[in-house]
Amino acid sequence: MPPFRDIADRGQKSGKTVGFWYIWAMESASTEAPNIRAVREGTLENPEIVENVPGHLIPIIAGEFDDFDTEAGKFLAGDTPEDEYTKYRLRQGVYGQRQPDGPDGPLQMIRVKLPMGGVTPEQLEAFADAIEAWAPLNKGHVTTRQNIQIHHIPLPDAAKFIRKISDAGLSSREGCGNTVRNVTGDPRAGTLEDELFDITPYAGAYVRYFVRHPTTQFMPRKIKTAFSANDTDNAITQIHDIAFTPRVRDGVKGVEIRVGGGTSIMPRLAPVLYEFVELDNGDYLKVAEAVFRIFDRQDFLRVNRARARIKVLVDKIGMDEFRKLVDEELKGDWVKERNFDVEGLRYDIDEEANAPAKLSNAGTPNGDVGPFQRFVASNVKPQRQSGFSTVEINPRRGDLTPEQFRGLARIARDYSGGYVRSTIHQNLVLRWVRDEAIYDVWKALGELDLAAAGANEIEDVLSCPGTDSCKLGITSSMGLNQAIYERIVSLNITDELTRRIHINMSGCPNGCGQHHIGSIGFYGASIKVGDHTIPAYIPHVGGRFEDGNVQYGARLKARLPAKRVPDAVERWIKYYESERHEGEHFDAFTDRVGTKAFEEQIKDLAMPVEFSLENLNMFIDWTKDEPFVVQRGEGECAV
């Protein structure tokens, strides 16, 4: 096999072709209990085996693990240039870290894709086993893209890790690189009262169609995709490269398609490409491929990878002109070469058929009714299916230990039919929990230190890993996350409107921590003081994303030393509570008073700091023990 070329490059065609190059062995939807089916691996001759088994969405190809071992060995032996190997490695979901090489080789982050956030008990246990075997930090991290990331894995162990998790149907394929990344969505899709239909099967078909797709392996940059469940848009579709919202026209299922959103250094909200595109005839796949083909041909975007997202093209020529390009692309001969067979690609799982039976001996509160009711109020939502609810779990900073992974697997098996999804807020949602079982679930979560109330409320602070692992990180966003969390907890906030504030942070100007849409947001920066440097943050206020109303926050004219950020947050909270109008939400308050009022509240906190023994703490970042230095490498997001 030629170096750095994988199954997606070969364009093989034989037998029954679906989606142009795939060979599918389609099996009917399983009604068996989840997690008891072994993964069927494809081969190079028969690459893609699609089975409607819970959690088994991305087809597994055994040969890719052997290829990874081979190519990693060649790189470590010096036989392969680093830039060429990096592109290959990223397509396998393996990402380089900022830390120096360890004794066993370069340290890697493995990004495991959970399409629509779906994960099974068997897969949770596979994470636990693999983390214990190869991850020195002994934890996995839930991301804002509904992935699970594992850090500090030596490169020689990476293939072992992804081979181990593949036994449970998990895949890191195209978790990184200039590909179609993990497809995100509403973790409650299929259970919501106001859904037109469940979008999950169609999102699954999209995942299967574009994974290893020849057109999407070497694009100018990555593609982030979201499928919302309804117009409430918990998937926040407008911040994505391409996104889909359910629609029905004359009894026909379809989607509204948006293209050209994104955060980072050029935040844009995605405009509508088409108001209605059919689903069951495959038109939405056809339109998406047309969009990617156009994007892939824009060589001007490849000159500056930092500004090579599809939003740059849409912003440059406008949506009307972009729509004309798509209309014309859809007339191309390539369309006749494809088979957009959605029926053969759908991810159809009858979750309700495997939902738990009624409990005859469910527990009830006994002296803990207050904390339990607080948990129910913030973390539990009724499903449209009578007698069932979803239960949200908010692990601190999105981190889970092997013991917690295993404990969650037990809880899912016992109480949710095995159905779990991660969220874009770094949380997890148990689906199909019997209403009478919620107390038992809460007690079981308490044994894992996962019974905290306040999911998606003010203390559920969200951040990217920052300088804990990322080459692009400037500051320790995870350290600041913990510091703000501790400050919020110390304030004992009970005000209902204040609790609806969302606090997000990123360790650099990029948008991994979604600081643009937080009620209060920060991104990492620095302040130069003579020969010394202070870790700092640029604040934003007024971002929002709830109920389909998305707005990017306004950047303040201030640069706060990292150690003063919790003080700033506390001041803004108290300012809001004292000066708001009756019933005024935080975003409306920021619109009314404006950015200058927020700047005035922290004017003294943004003042320069003199370097001295007394102020030395200001020159050390959160969770660190040595003077701060900006050490920013070349990130691999744009390789």
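Residue numbers start at 1 and run along the sequence shown. Any value given below was found using the heavy atoms of this structure, including those in side chains, with hydrogens, waters and symmetry copies removed.
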Ring centres under 6.0 angstrom apart (Tyr202, Phe244):
no

Decide yes or no on salt bridge (Lys or Arg N to Asp or Glu O under 4.0 Å) for Asp468 and Lys624, but give the supporting numbers first.
CA-CA 10 Å; Asp468 282 9; Lys624 309 303 178 183; 3.6 Å; yes

Step by step, work out the salt bridge (Lys or Arg N to Asp or Glu O under 4.0 Å) result for Asp299 and Arg302.
CA-CA 5 Å; Asp299 288 339; Arg302 299 180 188 273; 3.5 Å; yes

Charged N to carboxylate O below 4.0 Å: is that the case for Lys286 and Asp283?
yes

Hey, mind stepping through Thr475 and Met505 against side chain to side chain contact (heavy atoms under 4.5 Å, CB included) and telling me if it holds?
CA-CA 10 Å; Thr475 54; Met505 65 214 64; over 6 Å; no

Just wondering, do Ile474 and Pro509 contact through their side chains at under 4.5 Å, heavy atoms?
yes

Show the nearest heavy-atom pair for residues Asp399 and Met478, with the distance to one decimal.
OD2-CE, 3.7 Å

Smallest separation among heavy atoms of Ala270 and Gly261, with atom names
CB-N, 3.3 Å

Compare all side-chain heavy atoms of Leu155 with those of Tyr85 and state whether any distance is below 4.5 angstrom.
yes

Should Val291 and Leu273 count as side-chain neighbours, where that means a heavy-atom distance under 4.5 Å?
yes

Centroid-to-centroid, Tyr88 to Phe75, below 6.0 Å?
no

List the atom of Asn481, the atom of Ser463, and the distance in Å for their closest heavy-atom pair.
ND2-OG, 3.0 Å

Report yes if the side chains of Met116 and Phe227 come closer than 4.5 Å at any heavy-atom pair, otherwise no.
yes

Point-to-point distance, once rounded to the nearest 0.5 Å, from CD of Glu125 to CZ of Arg413
4.0 Å

Only residue of Gln217, Gln92, Lys113 satisfying side chain to side chain donor-acceptor pair (under 3.5 Å) with Glu174 is Gln217

Set out, in order, the CA-CA distance, both residues' side-chain angles and the distance that settles salt bridge (Lys or Arg N to Asp or Glu O under 4.0 Å) for Arg421 and Asp186, then state yes or no.
CA-CA 9 Å; Arg421 295 192 190 183; Asp186 192 324; over 6 Å; no

State, to 0.1 Å, how close His515 and Ser506 come at their nearest heavy-atom pair, and which atoms those are.
ND1-OG, 2.8 Å

Parallel, tilted or perpendicular, judged at 30° and 60°: which one describes the rings of Tyr206 and Tyr284?
parallel

Is there side-chain contact between Arg397 and Gln426, with heavy atoms separated by less than 4.5 Å?
no

